[in-house]
Amino acid sequence: MINIKFPDNSVRKFEEGITGLGIAKSLSNSLAREVLAVSVNEEIWDLTRPITRDAEIRLHKWGDDEASHAFWHSSAHLMAEAIEVLYPGTKFGIGPAIENGFYYDVDTGDDVAITDADLPRIEQKMKELSSQKSSFIREEISKEDALKLFGQKGDEYKTELISDLEDGTITLYKQGKFTDLCRGPHLPDTSPIKAIKLLSLAGAYWRGDEKRKQLTRIYGITFPKQAMLEEFLDKLEKAKERDHRKVGKELELFTFSQRVGQGLPLWLPKGAQLRERLENFLKRVQRKYGYEQVITPHIGLKDLYITSGHYEKYGKDSFQPISTPQEGEEFLLKPMNCPHHCEIYSSKPRSYRDLPVRMAEFGTVYRYEQSGELHGLTRVRGFTQDDAHIFCRPDQLKEEFIKVIDIIHHIFKALDFNDYITQISLRDKTDHEKYIGSDENWEKAEKAIIAAAEEKKLETIIEYGEAAFYGPKLDFMVRDAIGRKWQLGTIQVDYNLPERFELEYTGADNLKHRPIMIHRAPFGSMERFVAVLIEHTGGKFPLWLTPDQAVILPISEKYHDYAEKVSKFLNNYDIRTLIDERSEKIGKKIRDSELKRIPYLLIVGEKEAASNTISVRRQGEGDKGAMNLEEFAKFISQEVENQLESIDTI
RNA sequence: GCCGAUGUAGCUCAGUUGGUCAGAGCAGCUGAUUUGUAAUCAGCAGGUCGGGGGUUCGAAUCCCUCCAUCGGCUCCA
């Protein structure tokens, strides 16, 4: 007999070799029907795998990540089985469960291609196979046998994976006629996989390596119930309504032009208005934190970037140098602001008493991103960083770093971003080619970030190999409408540029010392931040930010003049309004999608014009009744002020 | 850059196998209507069907190529 401990700390005895499913059955039949996976001592197991020792277990039903993981992983195998039937000879790469669903990378050979049109056929075959209720059978196998098995099939991908594995840790899973190299865990059998949707096809390099073969990746998602699938697809559809590219077009915030060039956003008046408000907000915050604004040009001599090391790293893949009538003279569009700021630092001698020096600039930079990488406002070729560089002494590093974390937290709170991930990006110690600078400095910089994050009690995830080439980073990542992660705020510790630019200050000991540089951008870039802001708010910005604070609706054309008067009056109070011309024509109503995003509706007609008032309605709150103009202006100004004040005291 | 898909009026879209296929709604303009918040009526104007090349008696439709966009991969100073 073995002791099984449950999440409520109760312990029961079972026969040795009992399975998760067996335990579930002993508790209740309905549980046994619903359970999908089991955690045994924090490791996710198949429900059918015998437990031979005392263990702590948790049973997972749909709704637990562990359950959906096993469910989707099994679905990936089911899809692979279907593909093997429909496309014999297909070779398989990897097929994991992901956050929403699963994928499998397959190689159908050069002659056969799976296209979008084939997806329903594969879905159909999956449904057919799932209803056969094939069991997923786990089997341990020696490395030698595994290599032999997949070698016979001619599957070079699996054999490559196996050769990287330790002997004695290799397991196979079989269901129906399909056998796969797999760590598991899986469902007991295929039957719970009822609702199936293959979502998309994409090319994906084998092992993520650009130089290797590109396989066909098929994405899909499955659920135990059709209704769940429909709900998921519906949610996905709704999320697309918030897409910043769609909303940005509707609200006339920004546009692109093929003539101007790919990835070069054109900010329309309302977008510029919004952006300006954000900039002013950030400038105000930064002033409080002791930053000074600087301004630097959009280009710099090529030598500047040779000094910084950026030319060597990115020169070939950047916008190419601009030549001048002067033979041999070459300028680069600036891809970052740091070198310029370094030159400002060294424009005069610095004393230890002067530090820290905090230089801020909304600096527009240009990077030649790969064409396939461009994406709305989140990934562009010309963008404006809310950049700043802090030059400080080693003893100031931690405090300065922490202050930057504070700024970012402040900003995120002010804009109601609660759902973000904090990531520490460190170097990949085995890859020396990718980074510049001494190990000693890297070590110091990485420790500083980790220490600061600990002191601020940040819940961070650590990613190795994600550091910038000159230093480690602390990044704040936010999700977009359909769940993709984007880096917004970033803080980077850099011992490198100060060395390359030979920056120094005179210490109390009257000797020269090297300052440490912190790069930071709370928004990341204005473009990306606005994009994420749009998707978070669905285009309904807070009053203090919104380009149009009120829309004036004249009952009829007769009151157009009065509407103009109201608009002008409010404009004097810095309240931006829009007169909805369309409503002048009776019965024509402004469309919801546009109207709903403007906080206040001001209705004017005979009554209002006569009494010099407006009928005020706040979206979502209903009528506020008639107000005279001055009253309304004060009311709005007060509201904006209150909002800004409450932001300040966050 | 790579794999796959898409590109028809300012916007959203229809256009069956190449032959009245240059269309609709909304937006715009001109009139009429004077009406309290999701749509008043009539008329007008809008497009080298992403660009270029080819096949054909004939191309929005088939082929090639370039450009852009979308979903991924890779990349992201």
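The chains referred to below are lettered A, B, ... by the order of the sequence lines, with proteins before strands, and numbering in each begins at 1.
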Nearest-Å distance for atom pair CD/C1', residues E250(A) and G10(B): 14 Å
Length of the CG-P vector between L215(A) and G4(B), whole Å: 13 Å
Check: protein-nucleotides 63-70 of chain B nitrogen or oxygen pairs below 3.5 Å:
unit_1 : atom_1 : unit_2  : atom_2 : d
C67(B) : O2'    : Q258(A) : OE1    : 2.9
A68(B) : OP1    : Q262(A) : OE1    : 2.9
U69(B) : OP2    : Q262(A) : NE2    : 2.7
C70(B) : OP1    : R245(A) : NH1    : 3.0

Salt bridge present between D209(A) and R207(A) (N-O < 4.0 angstrom): no
Residue whose nearest RNA chain B nucleotide is more 5′ - Y314(A) or S200(A): S200(A)
I98(A) CD1 to C73(B) C1', straight-line distance once rounded to whole Å: 13 Å
Donor-acceptor contact present, side-chain S567(A) to main-chain A563(A), <3.5 Å: no
Closest nucleotide among C76(B), A77(B), C11(B) to the R379(A) side chain: C76(B)
Euclidean distance for P, U65(B) against G23(B) (whole angstrom): 32 Å
Salt bridge K91(A)-D155(A), side-chain N to carboxylate O under 4.0 Å: no
Interatomic distance where CG belongs to L601(A) and C1' belongs to A38(B) [whole Å]: 13 Å
Inter-nucleotide P distance (G7(B), G43(B)), Å rounded: 32 Å
Q492(A) and Y470(A): side chain donor to acceptor below 3.5 Å: yes
Salt-bridge criterion met for E156(A) and K213(A) (N-O under 4.0 Å): no
Y600(A)/F632(A) aromatic ring centres below 6.0 Å: yes
Pair D234(A) + K238(A): basic N to acidic O under 4.0 Å: yes
Spacing of W486(A) atom CH2 relative to C75(B) atom C1', expressed in whole Å: 12 Å
Closest to the A202(A) side chain, choosing from A77(B), G72(B), G1(B): G72(B)
Spacing of the P atoms in A59(B) and C21(B) (rounded, Å): 16 Å
Separation of atom CD1 in I491(A) from atom C1' in A77(B), rounded to whole Å: 17 Å
Stacked cation flag R381(A) on Y366(A), 6.0 angstrom / 45 deg: no
Of the listed nucleotides C11(B), G72(B), G36(B), the one nearest the side chain of Y219(A): G72(B)
Comparing E369(A) and L602(A) on RNA chain B - which has the more 5′ nearest nucleotide: L602(A)
Any side-chain donor near an acceptor of the partner, K334(A) and T296(A), under 3.5 Å: yes
Where the chi angle of G52(B) falls, syn if within 90° of 0 and anti if not: anti
Pairwise distance CG(L570(A)) to CZ(R576(A)) - rounded to 0.5 angstrom: 11.5 Å
Any side-chain donor near an acceptor of the partner, W486(A) and D480(A), under 3.5 Å: yes
Phosphate OP1/OP2 of A77(B): any K334(A) side-chain N/O under 4.0 Å: no
Close N or O pairs between protein and nucleotides 46-48 of chain B (under 3.5 Å):
none

Flag side-chain contact, heavy atom, 4.5 Å: F254(A) against E527(A): no
Per D116(A) side chain, nearest of listed nucleotides C75(B), C73(B), A5(B): A5(B)
Watson-Crick or G-U stems of RNA chain B, 3 or more pairs, under 3.5 Å, by first number: B:1-7 with B:67-73, B:10-13 with B:23-26, B:28-32 with B:40-44, B:50-54 with B:62-66
Between G71(B) (C1') and K240(A) (NZ): distance, integer Å: 9 Å
Salt-bridge contact E160(A)-R212(A) (side-chain N to carboxylate O under 4.0 Å): yes
Length of the CZ-C1' vector between F469(A) and A77(B), whole Å: 5 Å
